[in-house]
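Numbers here simply count residues along the sequence, with the first being 1. Below, each value reflects all heavy atoms present in this structure, side chains not excepted, and no hydrogens, waters or symmetry copies.
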Amino acid sequence: MKIRWTRKIGSLRTLPLHLMILPGLALVLIYSYGPMIGIAMAFERYIPTRGIAGSEWIGWDNFRYLLDMPDSMDILRNTIIISFMKIVAGLFVPIIVALLLNEVRKESFKRGIQTMIYLPHFLSWIILGGVLIDILSPTNGFVNDILGWFGIEPIYFLGSNSWFRIVLVTSDVWKEFGFNTIVYLAALTGINPSLYEAAIMDGANRWKQAFHVTLPGMLPIIVLLAVLSLGNVLNAGFDQVFNLYSPQVYETGDIIDTFVYRVGLVETQYGVATAAGLFKSVVSCFFVIAAYVMAYRIANYRIF
């Protein structure tokens, strides 16, 4: 009886803390789950004047129309290729930079480099898109001016199907590698210094210390970030592609997100655009679950 009263008193004391969840819960329900009613448009011939409840129900027709479109497979292939290239480049570049920075002994120089490589992370793709368009211009761009010094003809980087994906991946790495570098540098601080001392006693030089002590020490965080990045395999970056692409590079640069924007808001085919977005969400959900299971089994990472 005494234990029961103690539990009730404890529950009453924590009740105000539980009530503090309600505003956040209300925001999630309104802005995250409320818009999910619009999923119904994927199965309708949606007409804005009739609304979701009054539009004709057509079942899977929007999905069949989507799959029968001649460029649907190109869009899916572009999304996967661009995402995969970004994941691979975004994994290895920060590791290399973190290893190099770890060898810098002058602390002020090291912090200065970290700040410089981290700054692009705070800039939007609208700003960076304008910068890239200027410096990659085939007429007066800085990059083509340098190529001209070596006798190379100007290259239309943002209008060439051969170069567009490379520009996307390179600029994405430039913008984001500073953030992941800091994560890896934080992981380096957790390596036991006695391991380096033992390696020096065994005659290991800096390269051997990096390969036999530093990299194994970073391995758990490398595996964790690599596995979790699988959840973004269909997120090729709408902001970046939208600000840089043009009809000339649709063949290699058009992704699911830009397709949804173009079909839904420009061509007003709301049902088809919603079907494409729903397809992406379902496949992404599968990858997120798979990534979570792999992160748990490989790196013992779990949220719940």
Side-chain angles (χ1 to χ4, degrees), residues 27-87 124-126 128-129 133 158-159 161 164-165 167-169 171-172 229-291:
L27 289 175
V28 170
L29 291 175
I30 293 172
Y31 292 106
S32 297
Y33 285 90
M36 291 179 70
I37 298 172
I39 290 175
M41 288 192 294
F43 305 95
E44 293 180 339
R45 187 172 287 109
Y46 179 73
I47 299 175
T49 53
R50 296 182 181 177
I52 294 176
S55 298
E56 180 187 359
W57 186 269
I58 58 174
W60 296 96
D61 285 0
N62 284 327
F63 292 91
R64 295 191 189 95
Y65 176 78
L66 188 66
L67 294 176
D68 291 338
M69 293 179 71
D71 53 351
S72 58
M73 288 298 106
D74 291 338
I75 293 167
L76 181 60
R77 184 175 62 249
N78 291 339
T79 305
I80 294 175
I81 291 175
I82 293 171
S83 298
F84 184 74
M85 291 171 68
K86 285 183 177 179
I87 289 172
S124 70
W125 275 114
I126 297 175
L128 291 179
I133 290 171
L158 297 179
N161 283 308
F164 188 70
R165 287 174 181 165
V167 172
L168 288 180
V169 175
S171 57
D172 183 73
S229 65
L230 292 177
N232 294 320
V233 74
L234 289 186
N235 290 322
F238 170 78
D239 292 342
Q240 182 194 20
V241 177
F242 181 73
N243 283 288
L244 296 177
Y245 85 151
S246 63
Q248 293 171 284
V249 290
Y250 277 178
E251 181 183 343
T252 56
D254 199 16
I255 59 175
I256 293 177
D257 289 332
T258 53
F259 173 79
V260 169
Y261 166 80
R262 197 170 60 253
V263 172
L265 296 182
V266 178
E267 300 177 7
T268 64
Q269 299 185 61
Y270 304 108
V272 178
T274 308
L278 180 59
F279 169 76
K280 177 196 165 187
S281 299
V282 171
V283 176
S284 296
C285 183
F286 169 77
F287 278 111
V288 168
I289 294 171

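- Separation of atoms CG (Asp172) and CG (Leu244) is listed at 10.5 Å; rounding is to 0.5 Å.
- The CD1 atom of Ile80 lies 12.0 Å from the CD1 atom of Ile255; values are rounded to the nearest 0.5 Å.
- Formation of a donor-acceptor pair under 3.5 Å by the Ser55 side chain with backbone atoms of Ile47 is found in this model.
- For the pair Val249 and Leu158, the tightest heavy-atom approach, listed with the atom from each and the gap, is CG1-O, 3.7 Å.
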Evaluate the criterion side chain to side chain contact (heavy atoms under 4.5 Å, CB included) for residue pair Ile52 and Met41; output intermediate values, then yes/no. CA-CA 7 Å; Ile52 294 176; Met41 288 192 294; 4.1 Å; yes

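- Looking at Val283 and Phe279, their side chains come closer than 4.5 Å, going by heavy atoms from C-beta outward.
- Note on ring orientation: taking the six-membered ring where Trp is involved, the planes of Tyr245 and Tyr250 are tilted (angle from 30° to 60°).
- Checking side-chain atoms of Thr79 against main-chain N and O of Ile256 turns up a donor-acceptor pair under 3.5 Å.
- For the pair Asp257/Lys280, a side-chain contact is recorded, criterion being any heavy-atom separation below 4.5 Å from C-beta on.
- Taking the side chain as every heavy atom from C-beta outward, Arg262 and Asp254 approach each other to under 4.5 Å.
- Of all the heavy atoms in Ala273 and Gly264, the pair that sits closest is CB-CA, 3.4 Å.
- Aromatic ring orientation, Phe242 versus Phe238: parallel (interplanar angle below 30°, classes split at 30° and 60°).
- Using a 4.5 Å cut-off on side-chain heavy atoms (C-beta onward), Leu66 and Phe259 make contact.
- In this structure a side-chain-to-backbone donor-acceptor pair under 3.5 Å is missing from Asp239 to Ile126.
- No side-chain heavy atom of Glu44 sits less than 4.5 Å from a side-chain heavy atom of Arg50.
- Annotation: the span from Glu251 atom CD to Asp71 atom CG amounts to 11.0 Å, rounded to 0.5 Å.
- Within 6.0 Å of atom CG in Leu29, more than 12 heavy atoms from other residues, nucleotides or ligands are found, so the atom counts as buried in its surroundings.
- Under the side chain to side chain donor-acceptor pair (under 3.5 Å) criterion, Asn243 pairs with no residue, sequence neighbours left out.
- Note on ring orientation: taking the six-membered ring where Trp is involved, the planes of Phe43 and Phe63 are tilted (angle from 30° to 60°).
- Under the 4.5 Å side-chain criterion, counting only non-hydrogen atoms from C-beta, Cys285 is not in contact with Phe287.
- Between Tyr31 and Pro35 the shortest heavy-atom distance is O-CG, 3.4 Å.
- Looking at heavy atoms from C-beta onward, Ser171 lies in side-chain contact with Trp125 at the 4.5 angstrom threshold.
- Atoms CG and OH, from Leu27 and Tyr33 in turn, are 13.5 Å apart once rounded to the nearest 0.5 Å.
- For the atom pair CZ of Arg77 and OG of Ser72, the computed distance is 10.0 Å after rounding to the nearest 0.5 Å.
- The closest side-chain heavy-atom distance from Val241 to Leu168 is below 4.5 Å.
- Scored by the side chain to side chain donor-acceptor pair (under 3.5 Å) test, Glu56 finds Arg45 as partners (sequence neighbours excluded).
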